[in-house]
Trainee: 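My questions all concern the structure below.
This structure is a prediction, so every number in the text was calculated from the model and none was measured.
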Amino acid sequence: MMAYNGSGEKRLRAGSDLDVERSNGNNYMAGEPCRKRKLPARPNHILLYTIINPAYPITVDVIHTISTPHGQVQRIVVFKKNGVQAMVEFESVESATRAKEALHGCDIYSGCCTLKIEFAKPEKLNVFKNDQESWDYTLSEDLQPVQRSAPLLQSPQYTGGRPQPYNMDYGSGGPPPPGMMKERHGPPPPHHPRDGRGYGPEGYGGEGFVPPPPMHHPSMAPQNQGGPPQQGAVMMVYGLDPQTANSDRLFNLCCLYGNVVRIKFLKTKEGTAMVQMGDGVSVERCVQNLNNVTVGDYTLTLAFSKQAYLSEVMNPYPLPDKSPSFKDYVGNKNNRFLTPASIHKNRIQPPSKVLHFFNTPPDVSDEQLLQVFKDYGVTPPHTISKFPLKSERSSSGLMEFQNISQSVMAIMACNHATIQHPGAKFPFVMKLCFSSSRQIGQGKGLKPDQNQNQNQRQAQNNGMVEHEYY
């Protein structure tokens, strides 16, 4: 029984829960009573994650990405009964213990989504369906649930809150037609159905949810300690073509330098957009490589924004091509810095008139590739050099344009464009990036196969070798 003297002060037992919580960094009031001693949970292969200050969406893919480096994850359930929490079932107690020791107290995203991790009591998690809030990773692909039928109405964010049929044409970058995944975020047309899980060749995978950027531990020193204040993850982009620029085209360019979170065009400043990247380092890469780059008749100007993040716009206005002026890319798998492995494979390159293309059909012809650029209304490359096939899954190579302006326009319009293949169930999603080469190798005295080998080495230096992505 605790004694209370009526003056707001309570006597506390020595070694009470308050002392334990203080040692864990929790800020409880000094006068809070301790009625019952809470024993620590015994080690278990299931962990309870509590996400404090969840400023960004927390999905199974986010939890899976931060957990798998510490052990094999079997099941995940995300729930919101007491704030945002998740239970993660590991293969063994040892894996769960490693994850708890490594992740407790870390921020999933910089300055927010702080993890509090405890051992959970259940012996097994029950997962009834695989979606954003629960997933059973022990099931084989053949047992994955069938994709649900197409929704009946467009999402309110695209329609101003007014109900509209789901097959309304929104033009470039608009919502997908029935049967397509949640959001394609890639360039239009044509639209094609894809499933909700990745499988098969690189371009066959469905949209996932973007895992977080590298976590920051509270004990780590901030990036710019001792120097100027740390910049945020939002940048301003000026000098866009008001008639052709849209969120997807800007995404196709910025995703080469980091994960894109959100893009918003400003109605009061024509040709101006704000882009929220995954972290400040990604913004620095964009500014260093894209500032003062000429795109057609316009010159891009990039700079850090004073805003820390972009708020969701519920009723975006339509751009000239009828696409929405605001888009959220948290659920876009075309971001290329999703995992430590994919981050390592990327080579940050400034704009070049030579582009590296990959994840195209194995037997794609030059005519097919040229037609893609013509369909999107941009100047096609004047030279294409395909690499020898390493397998029958996909092809890759280099393509050269007349100048950097044309190559930048090509990436903005055609990066992630789809190419049909008669032997494939789903279309290939062509991926483009700037090459470290300044021209396609045409060495004197080299035979054609030697030229191909030289070009392939140039692509290897760029970090984009066939089959290395996803």
Side-chain angles (χ1 to χ4, degrees), residues 44-51 54 56-81 83-92 95-96 99 103 108 113 115 117 120 122-152 155 166 175-186 192-212 259 328-335 338-339 341-342 424-427 429 469-470:
N44 189 13
H45 68 295
I46 298 180
L47 297 179
L48 172 63
Y49 291 29
T50 300
I51 293 85
Y56 298 103
I58 302 299
T59 64
V60 292
D61 275 14
V62 171
I63 299 298
H64 185 262
T65 300
I66 65 176
S67 302
T68 47
H70 310 288
Q72 184 174 346
V73 175
Q74 294 186 324
R75 298 171 188 85
I76 296 176
V77 176
V78 179
F79 49 96
K80 300 177 182 177
K81 184 177 181 181
V84 179
Q85 294 179 300
M87 282 195 177
V88 182
E89 182 177 346
F90 287 86
E91 186 180 29
S92 65
S95 298
L103 300 178
I108 298 179
C113 302
L115 289 169
I117 301 182
E123 293 299 323
K124 182 180 177 181
L125 296 181
N126 295 319
V127 174
F128 301 101
K129 62 178 180 178
N130 287 354
D131 56 17
Q132 299 180 33
E133 297 182 346
S134 61
W135 204 279
D136 188 337
Y137 295 93
T138 64
L139 296 178
S140 66
E141 292 289 347
D142 295 336
L143 298 178
Q144 298 295 348
V146 179
Q147 186 181 5
R148 305 170 89 180
S149 58
L152 302 177
S155 298
Y166 194 69
M180 195 174 170
M181 68 282 176
K182 179 184 170 188
E183 274 191 86
R184 180 171 176 272
H185 296 302
H192 300 282
R194 288 165 65 190
D195 71 335
R197 288 282 290 166
Y199 67 93
E202 298 165 338
Y204 288 12
E207 299 289 10
F209 290 87
V210 174
N259 292 331
D328 190 318
Y329 291 90
V330 170
N332 195 309
K333 196 178 179 180
N334 286 328
N335 274 307
L338 307 182
T339 65
S342 63
K425 185 177 181 181
F426 300 103
V429 179
Y469 256 124
Y470 308 129

Trainee: For the CG atom of D61 and the CD atom of Q132, what is their distance to the nearest 0.5 Å?
Mentor: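 CD of Q132 is found 9.0 Å from CG of D61.
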Trainee: Report yes if the side chains of L115 and T50 come closer than 4.5 Å at any heavy-atom pair, otherwise no.
Mentor: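 Sidechains of T50 and L115: no contact.
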Trainee: With no hydrogens and no angle check, is any side-chain donor or acceptor of D136 less than 3.5 Å from a backbone partner on N130?
Mentor: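 No, because the side chain of D136 does not come within donor-acceptor range (under 3.5 Å) of the backbone of N130.
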Trainee: Answer whether the closest heavy-atom distance between the side chains of T59 and V78 falls below 4.5 Å.
Mentor: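 No; the side chains remain at least 4.5 Å from each other.
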Trainee: Is there a side-chain contact between L48 and Q85, using heavy atoms and a 4.5 Å cut-off?
Mentor: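 A side-chain contact under 4.5 Å exists here.
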Trainee: Any chance you could measure I76, atom CD1, to S134, atom OG, to the nearest 0.5 Å?
Mentor: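 It is 10.0 Å, given to the nearest 0.5 Å.
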Trainee: Suppose we screen for ring-ring contact (aromatic ring centres under 6.0 Å, His included). Which residues come up paired with H45, at least two apart in sequence or across chains?
Mentor: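 If we apply the ring-ring contact (aromatic ring centres under 6.0 Å, His included) test to H45, skipping adjacent residues, there are no hits.
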Trainee: CG/L47 to CZ/F90 distance, rounded to the nearest 0.5 angstrom?
Mentor: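 Spacing of CG (L47) from CZ (F90) equals 5.5 Å.
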Trainee: Answer yes or no: is there a donor N or O on one side and an acceptor on the other, between the side chain of N335 and the main chain of L338, under 3.5 Å?
Mentor: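 Checked: no pair found.
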Trainee: At what distance, to the nearest 0.5 angstrom, does CD1 of I117 lie from CG of L103?
Mentor: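 Result: 4.5 Å between the selected atoms.
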Trainee: Of the non-hydrogen atoms in C113 and I58, which two are nearest, and what is the gap between them?
Mentor: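 Where C113 meets I58 most closely, the heavy atoms are SG-CD1, 4.1 Å.
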Trainee: Do you know the tightest heavy-atom contact between L125 and M87?
Mentor: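 Reported closest heavy-atom pair: CD1-O, 3.4 Å.
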Trainee: Does any N or O in the side chain of S342 come within less than 3.5 Å of the main-chain N or O of T339, such that one atom is a donor and the other an acceptor?
Mentor: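 Answer holds: yes.
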Trainee: Atom CD1 in I51, atom NZ in K80: separation rounded to 0.5 Å?
Mentor: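 Reported value, rounded in 0.5 Å steps: 10.0 Å.
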Trainee: Taking the side chain as every heavy atom from C-beta outward, state whether I63 and Y49 have any atom pair closer than 4.5 Å.
Mentor: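 In contact.
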Trainee: Could you pull out the closest heavy-atom pair between V127 and R75, with the gap in Å?
Mentor: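 Result for this residue pair: CG2-CB, 4.0 Å.
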Trainee: Between V330 and P57, what is the shortest heavy-atom contact and its length?
Mentor: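 Where V330 meets P57 most closely, the heavy atoms are CG1-CG, 4.4 Å.
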Trainee: Could you tell me which non-hydrogen atom of N44 sits nearest to which non-hydrogen atom of P122, and how far apart they are?
Mentor: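 Where N44 meets P122 most closely, the heavy atoms are ND2-O, 2.8 Å.
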Trainee: Stepwise, does the side-chain contact (heavy atoms from CB on, under 4.5 Å) test hold for I46 with V88?
Mentor: CA-CA 5 Å; I46 298 180; V88 182; over 6 Å; no
Trainee: For the pair Y137 and Q74, evaluate side-chain contact (heavy atoms from CB on, under 4.5 Å) and give the outcome as yes or no after the intermediate values.
Mentor: CA-CA 5 Å; Y137 295 93; Q74 294 186 324; 5.8 Å; no
